[in-house]
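Structure, as structure tokens:
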Amino acid sequence: MADKEEFDFEEIHFLPIPSQTNIYGLTKIDGNDEERKLFLASLSGRVVCLEYPRNSPVPTSKEVPFTYIPDSAEIVSIDAFNRPETRKGLVVGISLILLKNSRSHQKQFLNIYSALESRSEFSLGSIAEGCQHLELNFVPFQLTHAEVVIKERKQIVFLLCGSDEKVHMFCEDKTQQRFEEQPVQSFFPELQNLPSNVLWLEVETLHNSKRVTVVGCQNGHVKVAVTDLTRGSIEKIDTLDRDGPISSVKLFTQDSSKIIEATGTDAKNIENGQTFERRDYHLLVCCAIEATVVYTNIISQGFTNMVILPESDEFDCVTCTCIADVNWDGKNEIILGTYGQELLIFKCVPLDNTGNGSNSIGFQLMWRRSFASPLFAIEYLDLTNDGLKELAVASLTGLHVLQHNLDNAALHSTKQNSPRDSKDVELVT
């Protein structure tokens with residue numbers, strides 16, 4: 001059993017924001033050292049950037065002057081990614097609502113920002129000025145991105161969930177240097193004929209041949225689709241209906257390492273450029289009015305095996321989630337943030353197989369921390385450039401940066417460097 005002290009965090013910085021954010025208001029850039037930063041958007045139409053300069057324990061924060069965001073605009077969602085081509089730059093997407101005299105006269109837009117000049121692809125000033133302004137005929141919700149193959153080249157596209165019960169795809173035209181909406185069914189056939197507005201979308205590509213797409217809807221509908229990318233067809237669909245809106249879904253594995261050791265035939269295939277993952281994937285489902293649950297072995301067994309996270313319904317609605325190995329044991333933990341101002345960390349624990357239950361695993365609440373206001377978003381990344389990841393938690397009033405207890409970190413580092421523990425996982429995965 002893990003020691004609860006292993007999950008201890010201390011707040012090292014707080015960044016206040018001019019107005020509240022929401023569950024779609026935080027995004028991270030977790031690439032090269034110079035690109036590791038967080039964007040936090042507020043409903044007042046302002047975006048702040050937080051980063052730690054190299055070799056400095058003090059963070060810098062500044063408002064990014066993104067163009068074409070009027071004072072009367074409310075930012076709904078923000079997302080960012082680095083183009084897959086080497087050094088081709090950062091792309092930032094911001095969806096917003098422009099209010100005129102009343103809600104009945106509002107307009108919606110998607111702004112996509114990238115630097116148009118060479119050698120300024122990662123300059124925030126240049127990126128903020130290079131705006132493509134797209135008007136929408138629906139109210140936007142979550143903005144995320146996914147990788148597709150277009151004309152035999154990998155490309156990242158924006159996926160925007162809307163109030164028209166659709167998911168819209170925006171793809172970059174390289175020759176025109178602009179993003180255009182393309183029929184989502186051409187690349188994501190699983191995102192057709194949705195029964196309700198999608199509040200949360202999760203897309204995971206497995207060993208370049210299969211894609212798992214999870215949608216959580218406003219009416220409580222959850223769909224898991226497995227798509228064969230080599231054939232472009234849907235291989236399997238499982239659905240479930242909960243009793244309230246789905247606030248978040250996360251696909252994850254217990255093992256936090258990215259590569260599973262392969263032997264025999266699998267090892268030969270890896271040498272030939274193919275990657276195989278032998279894992280059991282689980283699905284975390286958060287409902288606004290019910291306890292948070294995990295469906296184990298979701299790809300192979302669908303929604304047949306359910307595990308309830310204890311006490312997850314005792315702190316109001318779960319608004320945000322994160323999957324991370326926060327005690328460096330090679331196993332992922334579940335992190336929940338609630339509207340009831342609590343941060344909860346759950347550890348997967350084995351169950352006694354002698355019982356009649358169908359599940360061999362359960363979850364235990366290992367650590368909790370109270371905040372002064374509701375929580376909306378969580379990210380886990382190495383902001384301070386010290387090799388140790390931090391928890392970034394966006395609340396109603398601003399952004400909290402939580403650091404691991406350094407005594408515990410030093411203890412784990414000592415164990416990891418011991419000769420008899422040479423096969424242990426790295427300190428930071």
Side-chain angles (χ1 to χ4, degrees), residues 21-27 77 141-144 161 167 194-204 212-225 238-254 281-298 302-303 305-324 326 332-348 359 361-371 373-380 391-396:
T21 184
N22 63 23
I23 63 173
Y24 309 128
L26 181 67
T27 191
S77 52
F141 296 130
Q142 182 196 13
L143 177 65
T144 187
C161 306
V167 176
L194 300 170
S196 178
N197 298 330
V198 177
L199 300 184
W200 204 267
L201 174 66
E202 183 93 347
V203 180
E204 182 83 16
V212 182
T213 305
V214 187
V215 295
C217 297
Q218 189 172 9
N219 67 349
H221 183 78
V222 182
K223 180 169 79 170
V224 178
D238 292 290
T239 61
L240 172 77
D241 290 299
R242 304 286 288 177
D243 288 337
I246 303 300
S247 57
S248 182
V249 292
K250 289 286 185 183
L251 191 71
F252 70 99
T253 65
Q254 286 183 253
Y281 283 83
H282 310 312
L283 179 64
L284 177 71
V285 177
C286 304
C287 177
I289 62 174
E290 295 181 323
T292 297
V293 298
V294 172
Y295 294 94
T296 61
N297 306 323
I298 185 68
F303 292 101
N305 298 328
M306 183 182 77
V307 182
I308 297 176
L309 299 190
E311 303 180 49
S312 60
D313 58 345
E314 297 182 6
F315 308 101
D316 211 327
C317 170
V318 172
T319 50
C320 51
T321 62
C322 182
I323 304 295
V326 295
N332 279 319
E333 282 76 50
I334 296 175
I335 308 170
L336 303 182
T338 74
Y339 196 81
Q341 309 172 15
E342 295 291 322
L343 185 70
L344 312 172
I345 298 182
F346 292 87
K347 177 75 178 172
C348 180
N359 287 307
I361 63 172
F363 293 89
Q364 181 179 357
L365 178 60
M366 300 299 299
W367 189 79
R368 55 177 284 200
R369 183 186 192 276
S370 298
F371 289 77
S373 56
L375 308 183
F376 289 118
I378 307 170
E379 293 286 1
Y380 188 60
L391 271 178
V393 182
S395 72
L396 183 71

Any sub-3.5 Å donor-acceptor pair from D316's side-chain atoms to Y339's backbone N or O?
no
Test log, rule side chain to side chain contact (heavy atoms under 4.5 Å, CB included), inputs Y380 and V326
CA-CA 9 Å; Y380 188 60; V326 295; 3.9 Å; yes
Side-chain heavy atoms of V198 within contact of W200, under 4.5 Å
no
Any donor-acceptor pair under 3.5 Å linking the side chain of T319 with the backbone of G337?
yes
Is any side-chain heavy atom of K223 less than 4.5 Å from a side-chain heavy atom of L194?
yes
Let me confirm one number: the CZ-CD distance from F346 to Q364, rounded to the nearest 0.5 Å.
10.0 Å
Does any non-hydrogen side-chain atom of H282 lie less than 4.5 Å from one of N297?
yes
Quick one: do T321 and C286 satisfy side chain to side chain contact (heavy atoms under 4.5 Å, CB included)? Show the steps, please.
CA-CA 9 Å; T321 62; C286 304; 3.4 Å; yes
Smallest separation among heavy atoms of F371 and L343, with atom names
CE1-CB, 3.7 Å
Any side-chain heavy-atom pair from L344 and T338 closer than 4.5 angstrom?
yes
Ignoring hydrogens, what is the shortest heavy-atom contact between A377 and L26? Give both atom names and the distance.
CB-CB, 3.6 Å
pair L284-I334: side-chain heavy atoms closer than 4.5 Å:
yes
Side chains of I246 and L199: closer than 4.5 Å at any heavy-atom pair?
no
Under 3.5 Å, which donor-acceptor pairs do the side chains of residues 308-315 form with other protein atoms, sequence neighbours left out?
| residue | atom | partner | partner atom | Å |
| --- | --- | --- | --- | --- |
| S312 | OG | T292 | N | 3.0 |
| S312 | OG | L309 | O | 2.7 |

Starting from the C-alpha separation in whole Å, work towards a yes-or-no answer on side chain to side chain contact (heavy atoms under 4.5 Å, CB included) for L375 and Q341.
CA-CA 6 Å; L375 308 183; Q341 309 172 15; 5.7 Å; no
Point-to-point distance, once rounded to the nearest 0.5 Å, from CD1 of I345 to CD1 of I335
5.0 Å
To the nearest 0.5 angstrom, please state how far the CD1 atom of I361 sits from the CG atom of N305.
9.0 Å
CG (L391) and SG (C322) are apart, to the nearest 0.5 Å, by 6.5 Å
Hey, mind stepping through I298 and D238 against side chain to side chain contact (heavy atoms under 4.5 Å, CB included) and telling me if it holds?
CA-CA 9 Å; I298 185 68; D238 292 290; 5.6 Å; no
S77 side-chain N/O to F141 backbone N/O, donor-acceptor pair under 3.5 Å:
yes
Just by distance, do the side chain of S247 and the backbone of V318 share a donor-acceptor pair under 3.5 Å?
yes
Verify, without hydrogens or angle tests, whether Q142 (side chain) and L201 (backbone) share a donor-acceptor contact under 3.5 angstrom.
yes
If you measure from CG on D243 to CG on N219, what distance do you get to the nearest 0.5 Å?
11.0 Å
SG of C217 to CG of L240, rounded to nearest 0.5 Å, is 11.0 Å
Would a 4.5 Å heavy-atom cut-off, applied to side chains only, mark F376 and V393 as touching?
no
Beyond-backbone contact of F363 with C348, side-chain heavy atoms, under 4.5 angstrom:
yes
So, does E202 use its side chain to make a donor-acceptor pair with the main chain of K250 at under 3.5 Å?
no
Shortest non-hydrogen contact from C161 to V167?
SG-CG2, 4.2 Å
The side chain to side chain donor-acceptor pair (under 3.5 Å) partners of E342 (sequence neighbours excluded) come to R368, S370
